[in-house]
Undergrad: 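Right, I'll just put the structure down here and ask away after.
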Amino acid sequence: MREISRRQAIGLGAFALALAGCGSDGTPAQGQNAGTANKAGAMANFAVGQQFKATEPVNFSILYNNHSFYPIKNDWLFWSELTKRTNVTLNPTVVPLSDYENKRGLIIGAGDAPLIIPKTYHPQEEAFVSSGAILPVSDYLDLMPNFKEKIAKWRLEPELNTLRQADGRFYLLPGIHEKGWADYSYAVRTDILDKLGLEIPKTYDEFYTMLKAMKEEYPDQYPMTDRWGVPTPGGNLFKLVAQAYGTQAGWEYQHATWDAAAGKFVYTGAMPQYKQMIEYLHKLVAEKLLDPESFTQQDDPAKQKFVSGKAFVISTNAQVLINDYRGPLTENIPDAKIVKIPVPTGPIGEYKIADRLENGIMISKEALENKNFVAMMQFIDWLWYSDSGQEFAKWGVEGTTFTKDANGAYQLADDVDYVGLNAGAPKHLQKDFGFGNGVFAYGGPTTLLESTFSEEEKEFQAVMNARKEWPVEPPHPFTEEEREQSSLWETALKDHVTQNTLRFVLGERDLGEWDAYVKELEAKNSTTYINLVNTARDRFQKEHG
């Protein structure tokens, strides 16, 4: 297992070079001077803590991920107040959330990309690096004082290094958190626990014991059903159980996992820990503790099973607990009570596995030729990375959508609803004002993150934050040629792992065939793939420290 400290995981040399504005050989980074001459509208001495305001009205195009829960409106206060504060008008190209990734690729491929391309999750940006369609944003950090300050203050260098490509640069400006935070876990019916005389489970062994007791009391029911099995089977469930064993699955599946004891990457889907995760989940299915439809059913049937009382445990996060479960459940079963339990622990012990990097922003190559390039980078730095910009994006306008007390605590305006705060108020922070919008509001200081948390959620976070943080994996960026080669293997490998993980869990394939399954992966180039990963890791460490 990876028993190394977070700071030992990666050298910091590459980050220091980026902050100095140099390439890996100490010379000025390519392209750095080209865009910085385009200073129209830019502030002369933009600095941390300063309100950005362009010196002349400017317009920037942006790709906009349109969320169905709060569809875009032209009259949102967000737009007008943003222009008032910054002298910037954003011109959105609107794309539905359900098709965002696909449409983004088509728009960039056609050469029609807006200047600002947010809501990009690493490593999605890698598809656009070799074509030169997006900028190496690490070349321009000197234009972003707030970003630089938070990276240094929060010691985010190791995480940032994981975004770097083989040339030592990174092409995505990530959302950044002061601390890693975990949101997803399980909703559990505590009224059922009380009836059975059980405590909230702290480990996966206790989780199994809880489900067994529920099954004994309600033999005709599956104690647990699950959601988020489509399109990734076991998306959250596999992810959380895998973490307890020190591997990656479900939503988090990556082909390579760092083994600190061995000092190298290993193929995830063939790890002994991955097999242990499968064995645990197979036991739940075989003993009819877990609904086998969990991995293929849509969310609505899963939710209905839970809120109707047919199941007592289901995956959740903080908002889903309130918005999807609590109200409908108590309408059906007035005495029902549910909580989001701290994520159970497993063989690796008391670890919190939570990334401090969020989805981020790509910048179109066309931006470099825009006369307002420097102003645009300053604007991005203010809105996404300054304290005041992050507060604005999340909470809105003080005195209109929120107030602060003498201790700096946020309070929603009485007529505004948001994430269950002021439930039933006539206006909604996202739907009616455009604040708390996932395109603009993510990352930031822990106090801002937790400012919308209920007391219940703060208690959950307190338990999770008391755990050790899992170390960051070493970077292992591929060259363009290596990426092309690896992409030929990745799809077939991922499909085989996904299909057989599900077959093993459901009992459709006997676990006695594990060795045969590993050989099947080797036949699909898993070993060659991992050799490529380790070569890339060794090369990056040698060249960048």
Side-chain angles (χ1 to χ4, degrees), residues 97-99 101-102 121 123-124 182-187 204 207-208 211 222-257 267-306 310-311 313-317 320 324 343-344 346 353 489-511 513-514 516-518 520-521 524 526 529:
L97 179 151
S98 59
D99 200 28
E101 187 175 341
N102 181 51
Y121 290 84
Q124 292 172 349
D183 186 13
Y184 288 79
S185 185
Y186 308 105
Y204 273 104
F207 192 80
Y208 165 77
L211 295 177
Y222 289 109
M224 180 175 182
T225 196
D226 212 23
R227 62 184 301 178
W228 296 319
V230 179
T232 304
N236 182 58
L237 178 60
F238 283 1
K239 179 192 84 167
L240 294 181
V241 177
Q243 288 178 349
Y245 287 94
T247 186
Q248 305 170 102
W251 284 336
E252 282 189 345
Y253 185 81
Q254 298 291 327
H255 293 282
T257 296
Y267 191 76
T268 305
M271 293 175 69
Q273 296 91 335
Y274 196 89
K275 182 184 181 185
Q276 290 174 320
M277 172 208 73
I278 288 175
E279 289 171 336
Y280 180 86
L281 290 165
H282 170 72
K283 180 170 66 172
L284 299 190
V285 172
E287 297 184 20
K288 298 186 177 180
L289 308 180
L290 174 63
D291 180 1
E293 294 181 356
S294 295
F295 311 106
T296 54
Q297 65 187 349
Q298 297 290 333
D299 280 4
D300 283 345
K303 288 187 288 186
Q304 189 55 37
K305 288 176 183 177
F306 183 74
K310 292 181 179 178
V313 182
I314 191 171
S315 281
T316 192
N317 62 30
V320 161
D324 289 4
V343 179
I353 302 178
W489 301 328
E490 285 175 345
T491 299
L493 283 167
K494 179 74 175 292
D495 287 347
H496 199 69
V497 170
T498 300
Q499 291 168 10
N500 283 278
T501 298
L502 196 54
R503 290 180 65 202
F504 281 131
V505 168
L506 293 175
E508 295 171 359
R509 184 171 187 180
D510 193 280
L511 278 160
E513 296 183 28
W514 178 261
Y517 155 75
V518 171
E520 291 159 10
L521 292 176
K524 296 180 183 296
S526 63
Y529 179 90

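Just so it is clear, the structure is predicted and the values come from calculations on it, not from any experiment.
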Undergrad: Return the orientation label for the His496 and Tyr517 ring planes: parallel under 30°, perpendicular over 60°, tilted otherwise.
TA: parallel
Undergrad: Taking atom CD of Gln248 and atom CD of Gln243, what is their separation to the nearest 0.5 Å?
TA: 9.0 Å
Undergrad: When you check the side-chain N and O atoms of Asp291 and Thr225, is any donor under 3.5 Å from an acceptor?
TA: yes
Undergrad: Can you tell me how far apart NZ (Lys305) and CD1 (Ile314) are? Round to the nearest 0.5 Å.
TA: 9.0 Å
Undergrad: Does the side chain of Thr247 come under 3.5 Å of the side chain of Thr268 through a donor N or O and an acceptor N or O?
TA: no
Undergrad: Between Trp251 and Trp228, what is the ring plane arrangement, given parallel below 30°, perpendicular above 60°, and tilted in between?
TA: tilted
Undergrad: Do Glu293 and Tyr222 have side chains that get closer than 4.5 Å, going by heavy atoms?
TA: no
Undergrad: Nearest 0.5 angstrom please: Leu237 CG to Thr232 OG1, how far?
TA: 13.0 Å
Undergrad: What are the two closest heavy atoms between Thr316 and Ala187, and how far apart are they?
TA: CG2-N, 3.4 Å
Undergrad: Nearest 0.5 Å, please: how far is OG in Ser315 from CG in Asp299?
TA: 10.0 Å
Undergrad: For Leu289 and Leu211, which heavy atoms make the closest approach, and how far apart are they?
TA: CD2-O, 3.7 Å
Undergrad: For residues Lys524 and Tyr529, determine if any side-chain heavy atom of one lies less than 4.5 Å from a side-chain heavy atom of the other.
TA: no
Undergrad: Quick one: does Asn317's side chain have a donor or acceptor within less than 3.5 Å of a partner on Val320's backbone?
TA: yes
Undergrad: Short question: side chain of Ser526, backbone of Leu521 - any donor-acceptor pair under 3.5 Å?
TA: yes
Undergrad: Identify which one of Gln297, Gln298, Lys303 satisfies the side chain to side chain donor-acceptor pair (under 3.5 Å) criterion when paired with Asp300.
TA: Lys303
Undergrad: Taking only Lys NZ, Arg NE, NH1 and NH2, and the carboxylate oxygens of Asp or Glu, determine whether Arg503 and Glu520 approach each other closer than 4.0 Å.
TA: no
Undergrad: Within a strict 4.5 Å, meaning less than it, do heavy atoms of the Tyr184 and Val343 side chains meet?
TA: no
Undergrad: Only distances under 3.5 Å count here; give the side-chain donor-acceptor pairs of residues 278-285 to other protein atoms, sequence neighbours excluded, each with its distance to 0.1 Å.
TA:
| residue | atom | partner | partner atom | Å |
| --- | --- | --- | --- | --- |
| Tyr280 | OH | Tyr204 | O | 2.7 |
| His282 | ND1 | Phe504 | O | 3.2 |
| His282 | ND1 | Val505 | O | 3.2 |

Undergrad: Could you tell me the separation between the OG1 atom of Thr296 and the CG atom of Asp226, rounded to the nearest 0.5 Å?
TA: 11.5 Å
Undergrad: State plainly whether the residues Asp324 and Arg227 are in salt-bridge range, i.e. N to O under 4.0 Å.
TA: yes
Undergrad: For the residue pair Tyr245 and Met271, establish whether any side-chain heavy-atom pair is separated by less than 4.5 Å.
TA: no
Undergrad: Once ring pair (Phe, Tyr, Trp, His ring centres under 6.0 Å) is applied, do any residues pair with Tyr253, and if so which ones, sequence neighbours excluded?
TA: His255
Undergrad: Should Tyr274 and Thr501 count as side-chain neighbours, where that means a heavy-atom distance under 4.5 Å?
TA: yes
Undergrad: Anything under 30° is parallel, anything over 60° is perpendicular, the rest tilted; go ahead and classify Phe295 against Phe238.
TA: tilted
